[in-house]
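All figures in this text were calculated on a predicted structure; none of them were measured in a lab.
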Amino acid sequence: MKKIISGIGFFLSALVIGNGIVSYCEVSGLKERIQDLETESDWIGKQVSAVPFNQNKKYVFESYDEKSGSVKQQVYRIHSYGENQIVLQKEEPDNQEVFLIKVKDDYLAVYKKADRQLFETTNIPIEALPSDEQVQVLAGKEVTGTEALYSFLENYSS
């Protein structure tokens, strides 16, 4: 009888120890999975919190044209982007008029580029512009479209 009780005790002990080992392995596996999920969640959170590109936003590149003595603008929009590259697409103006902003009697004046006719005079003194803008205007800043023209002028009007 003692042997039977000992055998049952031994069997129950082995069962409890085996169950403990299995539970420990499962808990360890769950802990690793939780850590993996937390790491993924942090990575995804960083991606989501990054400032996204606005595909409708215009990016303007300006260059000085020595022949005409004016500053030319090229407008681009983001076509597509990925982790390692951004693809820009040049926007061609839709028959928009091109203007030159120059100085006349110490104030900004707007000319039509096509015929060099005075389009508009302003009450914005050249001194109201930052020095880099002053240089561009003195060289003849080129602006495409009335929207861009009035946006520029609004920035410096009082």
Side-chain angles (χ1 to χ4, degrees), residues 19-158:
N19 193 16
I21 291 172
V22 169
S23 296
Y24 176 77
C25 291
E26 287 179 359
V27 169
S28 292
L30 288 175
K31 283 183 182 178
E32 288 177 12
R33 181 66 183 140
I34 288 171
Q35 286 176 342
D36 290 344
L37 288 172
E38 287 175 345
T39 303
E40 268 184 35
S41 156
D42 288 345
W43 183 74
I44 290 170
K46 287 178 185 174
Q47 283 186 326
V48 170
S49 66
V51 177
F53 286 105
N54 182 346
Q55 287 187 308
N56 294 322
K57 188 172 184 180
K58 291 180 183 179
Y59 295 89
V60 179
F61 295 93
E62 293 183 340
S63 60
Y64 177 72
D65 183 15
E66 291 181 25
K67 291 180 182 177
S68 66
S70 64
V71 177
K72 293 193 175 207
Q73 291 183 337
Q74 295 177 334
V75 179
Y76 293 86
R77 288 192 188 274
I78 293 178
H79 180 266
S80 61
Y81 58 92
E83 187 175 326
N84 296 319
Q85 74 176 16
I86 298 173
V87 178
L88 299 175
Q89 187 173 31
K90 186 176 179 181
E91 260 192 9
E92 297 297 330
D94 301 329
N95 295 328
Q96 292 187 11
E97 205 160 11
V98 180
F99 301 96
L100 291 174
I101 302 173
K102 294 187 168 197
V103 177
K104 180 179 181 186
D105 300 327
D106 295 328
Y107 290 91
L108 299 186
V110 181
Y111 295 85
K112 291 183 179 180
K113 183 179 178 185
D115 57 8
R116 306 275 185 198
Q117 292 277 327
L118 181 64
F119 177 73
E120 184 176 337
T121 57
T122 71
N123 60 352
I124 304 170
I126 185 72
E127 293 84 25
L129 277 63
S131 60
D132 60 326
E133 289 286 350
Q134 287 181 19
V135 170
Q136 290 179 10
V137 168
L138 288 170
K141 181 175 178 73
E142 189 174 297
V143 179
T144 303
T146 54
E147 183 180 325
L149 171 66
Y150 290 119
S151 173
F152 176 83
L153 295 175
E154 282 177 12
N155 286 333
Y156 302 107
S157 63
S158 51

Rounded distance (nearest 0.5 Å) linking atom CD1 of Ile124 with atom OH of Tyr107: 11.0 Å
Glu147 atom CD, over 12 foreign heavy atoms within 6.0 Å: no
Asp105 atom CG: more than 12 heavy-atom contacts under 6.0 Å: no
Atom of [X], atom of [Y] and distance for their closest heavy-atom approach:
{"X": "Gly140", "Y": "Leu100", "value": "O-CD2, 4.0 Å"}
{"X": "Tyr111", "Y": "Lys102", "value": "CE1-CB, 4.0 Å"}
{"X": "Leu118", "Y": "Val110", "value": "CD1-O, 3.5 Å"}
{"X": "Val137", "Y": "Phe152", "value": "CG2-CZ, 4.2 Å"}

Listed partners of Lys104 passing salt bridge (Lys or Arg N to Asp or Glu O under 4.0 Å), at least two apart: none
Under 4.5 Å between any side-chain heavy atoms of [X] and [Y], yes or no?
{"X": "Lys112", "Y": "Phe99", "answer": "yes"}
{"X": "Asn155", "Y": "Leu129", "answer": "no"}
{"X": "Val103", "Y": "Gln134", "answer": "no"}

Stepwise side-chain contact (heavy atoms from CB on, under 4.5 Å) check, Thr122 with Tyr156: CA-CA 10 Å; Thr122 71; Tyr156 302 107; over 6 Å; no
